[in-house]
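As the structure is a prediction and not an experimental result, all values here were calculated from the model. Lettering of chains follows the sequences in order, A, B, ..., and the numbering in each one begins at 1. All values below come from the heavy atoms of this structure, side chains included, with hydrogens, waters and symmetry mates left out.
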Number of protein chains: 4
Amino acid sequence: MPKVVPEYKEEARRKIIQHASHLFSEKGYTRTKMTDIAESVGVSKGAIYQYFESKSEILLAVLESYTALRELEVRKFLNTKGLKFLATGDFFDKMLSLRKNSLLITPEILQETAGNMTVLKWIQDGSEKWLQGLKDLIDGLIEVGEISISISSEVLARGIIALRDGLYNSLSLGADVNKVRNTWVEIMGILMKQALN
Amino acid sequence: MPKVVPEYKEEARRKIIQHASHLFSEKGYTRTKMTDIAESVGVSKGAIYQYFESKSEILLAVLESYTALRELEVRKFLNTKGLKFLATGDFFDKMLSLRKNSLLITPEILQETAGNMTVLKWIQDGSEKWLQGLKDLIDGLIEVGEISISISSEVLARGIIALRDGLYNSLSLGADVNKVRNTWVEIMGILMKQALN
Amino acid sequence: MPKVVPEYKEEARRKIIQHASHLFSEKGYTRTKMTDIAESVGVSKGAIYQYFESKSEILLAVLESYTALRELEVRKFLNTKGLKFLATGDFFDKMLSLRKNSLLITPEILQETAGNMTVLKWIQDGSEKWLQGLKDLIDGLIEVGEISISISSEVLARGIIALRDGLYNSLSLGADVNKVRNTWVEIMGILMKQALN
Amino acid sequence: MPKVVPEYKEEARRKIIQHASHLFSEKGYTRTKMTDIAESVGVSKGAIYQYFESKSEILLAVLESYTALRELEVRKFLNTKGLKFLATGDFFDKMLSLRKNSLLITPEILQETAGNMTVLKWIQDGSEKWLQGLKDLIDGLIEVGEISISISSEVLARGIIALRDGLYNSLSLGADVNKVRNTWVEIMGILMKQALN
DNA sequence: CATGAATGAGACTTCATTCAT
DNA sequence: TATGAATGAAGTCTCATTCAT
């Protein structure tokens, strides 16, 4: 693509965000040096600064780049034919691959963005989005009479998300992925059975 | 040879570990400077190096310092009169306060200790310990005929721990602690009801 | 061979010199970036290098561009009807506006051009030119018997120029322009009265 | 001096300020690198940052370091036995050496400190101080009936200072120091004669 | 043993200049 | 010839670690 075309700049940004995101996930924010990003993208350090004012700006751009993705994720839930699908290994795998393509909000990142209220809000909204999407799905199913639950839809949604996050966490601590997937299926099975009474 | 010296040295190490742990939890490993630790302990930077070879060594010592604590935690589970107690808000609160007094194994810390197989193993053992302790408790109750469960005790244990970690995670992202505690109680209630059939 | 090209080139150079001069005056040499100049002129950074080999070359060209102007300035003195006019507020204001349209030789600029003997000589010549012009004017008036002075014409000229520069300097340090103009008028009045005895 | 003594720190700061001041005067602010300062002082770059947070802080400290000096300068005026002494070559030389030991407020420095209202005020106060001191001296002499002047004491003071600054400026542009000194003596002679009528 | 000043490697960032398009 | 993205040298600043006192 010719460099004069305005889309080129957007494309270059995207590329940097992509590589930075990957590196941040792998090595963490602090341990990722501008040099690493530049080398990964295949340009000089200076070039990066044509697209981002600072390393910190890159982090923000990376975080923002997942906004669209998050919407997409949640919609995947909504497209599901019924809650039962949630309790499958396939669904768990899908979630996992989504996670791998996004940036985990670690304490380090929270600290780095601390003070930036916009981003903090953005992060919290993102975490709300899953909750809300799942809750809406459940409420929808209740409304059409497909299910009835003994606990509030919000609590159920919150529990499901916590289970997901906790299991994901265990993976990074070295847990066996098959055991983890199985746990998801079994525990979700219990929760679903309870929900669909 | 005076006995005081080694004891004093041990005491000094303990103090440093304590303060470092607190700072690592609060600000993260990278953002905690040697100066911060020295100031917190109330000694000079140079003095720290009499007890630890490097900042990284302090981290390892901090991690190791929780070995005893972890045993203690798990034993708290075992002292519980039955599984039902697990599904209470009181129990959730107790776990929470335990967490606050220990060092969360963040990605940043995993990265910092990467390459040190001993520590990695140690970390994984720690995460296993909870799992094992909970599983043993469940198995014990099954054995005495108090409960019978439809899923394996390991899966149940794994699910409970994931729920705990996921909920804890949501707290750091700004979730309301009362809602989170309630979710613990309700979801655990379902799991327990299912388990104790 | 088309004549247009060299003329166009000259025009482009002139434009760059003009804008650069303005920026150098406003922000200083170091703080003026090539980007600033390019933006001010309305061309790309790269284009500038078609007309000047370096930023430093632009500075030299800017300095040289005032050669003609300086002659003009001095001639304005000579056009004056008698010395008395020098001691007026109008004259002071005219000088001031001339200053604003030229580049003040600051220490920064002297340092930047240090080592370039041609330019250093050129700068000193420029400062001599005022002195000489003023001296010539005074000498001319003495010759025609209009005035007679108790000190040498060179000393008087030097004093007048110093007064001008010192007052100008005080302006940049925040002095009130009316007070400064008044000082010019009053002090020059004394000097003139003394001169014209 | 032992490094633990608190005075040592003050001494180190003083040393840095001294060397920095010299370098700023010689090469200008921007062209003086932290490396230059460190090398001049004879320490590593990092050491400087134990005493000053930034290069810009050093500049401020340098500026402030002349507060005492400025008071001293002005008092020198007041100690003068009568105005006549002002119009001597000795006095000119004394002023010159004072100048050489302080930091000239160049446009570059004004730009660097722009935005820092405290410093701007400080700079303007400094320039006021000379004016005020000189004016007070003149007023004092008028009061005791030693002199009477045809213009206001402020205007005279302002003119004298401008003359001084303008002559000093001509020196940095290569003027001959003897001619400049002579100009001071002669022009001041005229002004004094006028003042003391 | 303790102190804290000094070190120096290395991080982020800037910007004059070059060069592919 | 014009563009502006890329380069890379160099500058400011940080901080774990060392070491003279």
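Between the side chain of C:Asp36 and the main chain of C:Lys33, a donor-acceptor pair closer than 3.5 Å is present.
When heavy atoms are screened at a 4.0 angstrom cut-off, C:Phe52 is found touching no nucleic acid atom at all. Base contact: C:Lys45 has a heavy atom under 4.0 Å from a base atom.
Across all their heavy atoms, D:Leu23 and D:Thr32 have their closest contact at O-OG1, 3.3 Å.
Place C:Glu53 and B:Gly46 on DNA chain E by their nearest nucleotides, and B:Gly46 ends up nearer the 5' end. Mapping B:Thr35 and C:Gln50 onto DNA chain F by nearest heavy atom places C:Gln50 closer to the 5' end of the strand. Between C:Met34 and A:Lys33, the residue whose closest nucleotide on DNA chain E is further toward the 5' end is A:Lys33. The nearest heavy atom of DNA chain F to C:Gly42 and to B:Ser54 marks one nucleotide each, and the one closer to the 5' end goes with C:Gly42.
Checking the phosphate oxygens (OP1, OP2) of F:dT14, no side-chain nitrogen or oxygen of D:Tyr49 falls inside 4.0 Å. Proximity of A:Tyr8 to the phosphate of F:dA6: a side-chain N or O atom is located under 4.0 Å from OP1 or OP2. Look at C:Ser44 and you won't find any side-chain N or O under 4.0 angstrom from OP1 or OP2 of F:dG4. The shortest distance between the side-chain N/O atoms of D:Lys9 and the OP1/OP2 oxygens of E:dA5 is below 4.0 Å. Considering only side-chain N and O atoms, C:Tyr51 lies under 4.0 angstrom from the phosphate OP1 or OP2 of F:dA2.
Ionic pairing of C:Glu108 and D:Arg31 is not present here: no N-O contact between side-chain nitrogen and carboxylate oxygen is shorter than 4.0 angstrom.
If you check E:dG10 for Watson-Crick or wobble pairing at under 3.5 angstrom, you find it paired to F:dC13. When both distances must be under 3.5 Å, the Watson-Crick or G-U wobble mate of E:dA20 is F:dT3.
Put simply, NZ on B:Lys27 is 14 Å from P on F:dT14, counting in whole angstrom units.
A cation-pi arrangement is absent between A:Lys15 and A:Tyr51 under the rule of less than 6.0 angstrom and at most 45 degrees off the ring axis.
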